[in-house]
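Okay, so here's the structure we're looking at.
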Amino acid sequence: MEPSPDAWRAADDYLAETLIGHDPALEAALAAQHEAGMPAIEVAPVSGKLLNLLVRMSGARRVLEIGTLGGYSTIWMARAVGEDGLVVTIEAEPANAAVARASIDAAGVGDRVDVRIGRGADVLPELAGGEPFDLVFIDADKESNTIYLDWAARLGRPGGVVIVDNIGRDGEIVDAGSADPKVVGTREGLRMLGEDPRFDATALQTVGLKGWDGVAVALLV
Ligand code: DHB
Ligand code: MG
């Protein structure tokens, strides 16, 4: 088979069908997101399942998500924290947060999700002084990735996990002269993950339903 975006999508569909299957609550969340006019930039099903597994593999009980959108990844992680767990998820757009809240409740995990409305840079300081988070998923405006990583290190616990979505950007991350603020923000975040002693990180490129992109995974040391 020739590599092409269509071939990546077909293979991703096959993997999702084989390993994940039909999931009415998640599909309803995507339908509500679409209906509300939000872009289809949620994580792919295989990535949502990966988030779910990383939460369970790391034993995370307190999860922080920056960038709720329609609540798709939130539901995946809320299922993983267990009945006594908590996902705090931050969404800048109140209309998105309302849709996410309804989808999260309809998925049966509303009791373990706290949706905070506001920009990350405003909401994150409010979380200081609370119990530390075991896992932080950063998936918001890429321009602010270094701010979010700094807060992840401050609010996370040593041994905690930090995951950053969208680190591939169609390969544009190699362009040191890029004028695209999302590329610049992504590159600055990756540089921080490489240089800042609070993180021990790697990143994987991905191809699939969401095109050519990637995810970074870090341990808080
Ligand atoms: C964009 C943001 C995302 O979180 C994503 O998964 C894909 C694209 C974007 O802002 O372009
Ligand atoms: Mg994303």
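In listed order, ligands and their atoms are each counted from 1.
- Counting side-chain heavy-atom gaps under 4.5 Å among Ile, Leu, Val, Met, Phe, Trp and Tyr, the cluster of Trp212 also holds Trp8, Val207.
- A salt bridge links Arg119 to Asp141: at least one charged side-chain nitrogen sits closer than 4.0 Å to a carboxylate oxygen.
- When distances to the Mg ion (ligand 2) are checked against a cut-off of 2.8 Å, Glu42 contributes no N, O or S atom below that limit.
- If you look at Asp165 and ask which of its N, O or S atoms sits nearest the Mg ion (ligand 2), the answer is OD2.
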Can you produce the list of protein nitrogen or oxygen atoms under 3.5 Å from a nitrogen or oxygen of ligand 1, alongside each distance?
{"from": "ligand 1", "atom 1": "4 (O)", "to": "Asp139", "atom 2": "OD1", "distance (Å)": "2.7"}
{"from": "ligand 1", "atom 1": "4 (O)", "to": "Lys142", "atom 2": "NZ", "distance (Å)": "3.0"}
{"from": "ligand 1", "atom 1": "4 (O)", "to": "Asn166", "atom 2": "OD1", "distance (Å)": "2.7"}
{"from": "ligand 1", "atom 1": "6 (O)", "to": "Ile41", "atom 2": "O", "distance (Å)": "3.0"}
{"from": "ligand 1", "atom 1": "6 (O)", "to": "Asp165", "atom 2": "OD2", "distance (Å)": "3.2"}
{"from": "ligand 1", "atom 1": "6 (O)", "to": "Asn166", "atom 2": "OD1", "distance (Å)": "3.0"}
{"from": "ligand 1", "atom 1": "6 (O)", "to": "Asn166", "atom 2": "ND2", "distance (Å)": "2.7"}
{"from": "ligand 1", "atom 1": "10 (O)", "to": "Lys182", "atom 2": "NZ", "distance (Å)": "2.6"}
{"from": "ligand 1", "atom 1": "11 (O)", "to": "Arg169", "atom 2": "NH2", "distance (Å)": "3.3"}
{"from": "ligand 1", "atom 1": "11 (O)", "to": "Lys182", "atom 2": "NZ", "distance (Å)": "2.8"}

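- Grouping Ile, Leu, Val, Met, Phe, Trp and Tyr by side-chain contacts under 4.5 Å, direct or through others, puts Val99 with Met38, Ile41, Leu69.
- Judged as a salt bridge (charged side-chain N to carboxylate O under 4.0 Å, His left out), the pairs with a partner in residues 142-153 (not counting sequence neighbours) are, in order, Asp139-Lys142, Asp150-Arg154, Asp150-Arg198.
- When the N, O or S atoms of Asp139 are ranked by distance to the Mg ion (ligand 2), OD1 comes first.
- Looking at Glu65 and Thr74, their side chains do bring a donor and an acceptor atom within 3.5 Å of each other.
- Other residues, nucleotides and ligands contribute over 12 non-hydrogen atoms within 6.0 Å of the CD atom of Glu27.
- Ionic pairing of Arg169 and Asp213 is not present here: no N-O contact between side-chain nitrogen and carboxylate oxygen is shorter than 4.0 angstrom.
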